[in-house]
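Here the structure comes first, spelled out in C-alpha cells, and everything after it is commentary.
Index from 1, following the sequence. Whatever order the structure lists them in is the order used to number ligands and atoms, beginning at 1.
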Amino acid sequence: MPSTLIKAVGHYVPENVVTNNDLVQHMDTTDEWITQRTGIKERRFFTEGKDTVSSMGANAARMALERAGVNASEIEMIVFATLSPDYNFPGSGVLLQRELGLPGIPCIDVRAQCSGFIYGLSIADQYIKTGAYKTILLVGSEIQSNVMEISDRGRGMAVIFGDGAGAAVLQATTEEGRGVLSTHIHADGVYAEKLTVQHPGSNRKARVTKEMIEDGSMLPYMDGPFVFKNAVVRFPEVINEALTHNNLTKDDIDLLIPHQANLRISQAVQEKFGLSDDKVFNNIQKYGNTTAASIPLALSEAWQEGRVKPGNLICSGSFWSRIYVGFGTGALVVGATLAVFDTNYTLESFSVTS
Ligand code: UT7
C-alpha cells in the first residue's frame, strides 16, 4: 500500500509587520502583557488588494512545488484548510485551483480551524493510501486581522492572531519506511461556543443587523482560559495516542512542531513530554497564531533552518475550535500526526514516514 510523502513545504507571509507596540497605539495593552501571556512579539497583517487567502495559499504552494521539483500540472487534488475563506462560498480551494491553472481537479475545503492542516493531511492521506491519487496539494491559509477588532473591546483576540499561509506537496511513495505514520483526529461539539464567531450565521432570518455590529456580537469570542486549559490536556492526549498507535515513546520524537497557539501552551506540552529545547520548534514569536497556516508555516521554517534532519521522527499536534463568520456549528477539534521526515540535501524532499 502506498504511503504519503510530504515531498516539500512552503510558506508565505504578508509584508506588513505589526509589532506589539503598534497594537499598544490602538488598545489598552502592553508589550509586556502580550509577551508574558503568549510569547508573541509581532505578527503579519494582510494588505488589501494584494493578499487574499487563496493568493497567499498559491504563493505558499508555488514555494512548495519549486522545492519539491514538482510541476503544478501533476497535482490531482487540492485540500484547502481555512477558517477565513475569501468568500462564504465557493470555498478557497477552487480559487486556488483557478490561480494555479488546474481546471477539473477536485478541491476539498476543510473547516477544522487550527487543526485544519492535520485534518487536511488525514484526508489527503486516505486518498493516497487507497491509490486514488498520487499527488495532492495541501494548503492552510488565513486572513484573520480583519475579523478582529483592533480596539480595547477586541484586545483579547487581537493580540493573538495573525495572517499567513503554508502549503505541502504530498506524493505517494512505495518506498519502505517512508510516509505519514498515522493521523489522529477528534472533535467535541459540546464546546462549540467557547471559541466562535456566530454572526452572520444562517440560524437567524437577518444574518446581519445594526445591533450585531454595534454590540460587537459579530466579533470572535473566545473563552481564553478555558481554551488554554483544554489545550494543555488534549494536546498531550492526542500525541500520546499517536505514539501508542505506532509503538513509539516520547523519546523517539526528534522534533515536535506544535500548532502555534500560545508559547505557554507549547512550553506546557514540551514540559509534559520532557523534551529539550532543540526538540521543539516555535515561531509564534514572529507570526502570532495563524490557525490552519500555523503548522505548515512552522514546518517550512523549521526545515529552512535545518531543524528537520533526514530520518527524523516529527510529531505535530493541534487543537482548536471554530472562529469565523457564520458557518454553523462549531467544535473543539484536535489532531496529531506522526511522521518520520527524510529530507535530502537539495530542496527536494520532506518525506514523512511510517
Ligand atoms: O488556536 C487556539 C486558540 N486560542 C488559544 O490557544 C488561546 C488560549 N488561551 C490563552 O492563550 C490565554 O487564555 C490568553 C492569552 C488569551 C489570555 O491569557 P490569560 O492569562 O488566560 O488571561 P485572562 O483571559 O484570564 O485575562 C487576565 C486579565 C483580565 O483582566 P482582569 O479581569 O484580571 O482585570 C483581562 O481583561 O488580562 C486582561 N486582558 C488583557 N490585558 C492586557 C485580556 N486581554 C488583554 C490584553 N492586554 N490584550
Side-chain angles (χ1 to χ4, degrees), residues 18-43 81-84 110-119 140-142 144-145 147-164 166 186-188 191-197 216 219-236 238 257-270 282-285 287-298 316-324 330-336:
V18 177
T19 65
N20 291 346
N21 284 325
D22 291 332
L23 294 179
V24 167
Q25 314 302 316
H26 302 278
M27 63 186 74
D28 181 17
T29 191
T30 60
D31 173 49
E32 193 187 17
W33 191 97
I34 302 169
T35 307
Q36 276 179 1
R37 305 276 173 142
T38 70
I40 300 165
K41 296 301 285 182
E42 59 189 43
R43 70 288 291 144
T82 186
L83 60 65
S84 50
V110 178
R111 306 215 46 248
Q113 298 65 250
C114 292
S115 298
F117 188 79
I118 287 178
Y119 264 62
S141 179
E142 305 285 7
Q144 305 178 108
S145 54
V147 73
M148 309 176 305
E149 193 173 79
I150 309 299
S151 68
D152 287 350
R153 186 170 69 171
R155 70 178 182 174
M157 305 289 283
V159 301
I160 297 176
F161 295 93
D163 305 337
H186 299 276
D188 195 343
Y191 303 120
E193 284 78 25
K194 293 290 187 190
L195 179 42
T196 180
V197 176
L219 298 176
Y221 167 78
M222 174 170 72
D223 180 342
F226 175 87
V227 176
F228 191 101
K229 285 180 206 147
N230 194 274
V232 296
V233 172
R234 297 288 178 220
F235 225 134
V238 78
I257 300 191
H259 160 54
Q260 302 290 291
N262 180 323
L263 193 60
R264 286 161 57 214
I265 294 175
S266 295
Q267 287 166 342
V269 176
Q270 174 177 357
N282 291 301
N283 61 3
I284 190 169
Q285 300 90 332
Y287 303 122
N289 181 342
T290 57
T291 306
S294 117
I295 290 175
L297 178 52
S316 198
S318 183
F319 65 91
W320 209 31
S321 85
R322 255 171 220 277
I323 166 182
Y324 193 63
L332 279 179
V333 288
V334 294

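Taking distance alone, with nitrogen or oxygen atoms compared against 3.5 Å, H259 approaches ligand 1 more closely than that limit.
Contacts with ligand 1 closer than 4.0 Å are made by no heavy atom of Q113, backbone or side chain. With a 4.0 Å heavy-atom cut-off, ligand 1 is reached by the backbone of P225 and by its side chain too. For N289, every heavy-atom contact with ligand 1 shorter than 4.0 Å involves the side chain, none the backbone.
Set against the non-hydrogen atoms of N262, the atoms of ligand 1 under 4.0 Å away are 10 (C), 11 (O), 15 (C). The contact set between ligand 1 and I160, taken as ligand atoms under 4.0 Å from a residue heavy atom, comprises 16 (C). Atoms of ligand 1 lying under 4.0 Å from at least one heavy atom of T38, given by number and element, are 15 (C). Each of the following atoms of ligand 1 lies closer than 4.0 Å to a heavy atom of V159: 48 (N). Those atoms of ligand 1 with a heavy atom of I265 less than 4.0 angstrom away are 6 (O). Every atom of ligand 1 is numbered from 1 in the order shown, and the set under 4.0 Å from a heavy atom of A261 is 1 (O), 2 (C), 6 (O).
Within the 4.5 Å cutoff, side-chain heavy atoms of I150 are placed close to those of L23. Within the 4.5 Å cutoff, the side chain of Q267 has heavy atoms near those of the L263 side chain. Using a 4.5 Å heavy-atom threshold, the side chains of I160 and M222 count as touching.
Side-chain atoms of D223 do not come within 3.5 Å of backbone N or O of K194 as any donor-acceptor pair. Using a distance-only test at 3.5 Å, with no hydrogens or angles considered, no donor-acceptor pair links the side chain of N282 to the main chain of I284. The closest donor-acceptor contact from the side chain of S151 to the backbone of G154 lies under 3.5 Å.
For atom 39 (N) of ligand 1, the nearest non-hydrogen atom from the set W33, F161, F226 comes from W33. Ranked by closest heavy atom to atom 20 (O) of ligand 1, the top entry among M157, R37, Q260 is R37.
Ligand 1 has no atom lying under 4.0 Å from any heavy atom of L23. Under the 4.0 angstrom criterion for non-hydrogen atoms, A231 is not in contact with ligand 1.
Residues passing the salt bridge (charged side-chain N to carboxylate O under 4.0 Å, His left out) test with K229, sequence neighbours excluded: none. R37 pairs by the salt bridge (charged side-chain N to carboxylate O under 4.0 Å, His left out) definition with nothing, not counting sequence neighbours.
Counting only N and O atoms by type, the side chains of S84 and E142 include a donor and acceptor under 3.5 Å apart.
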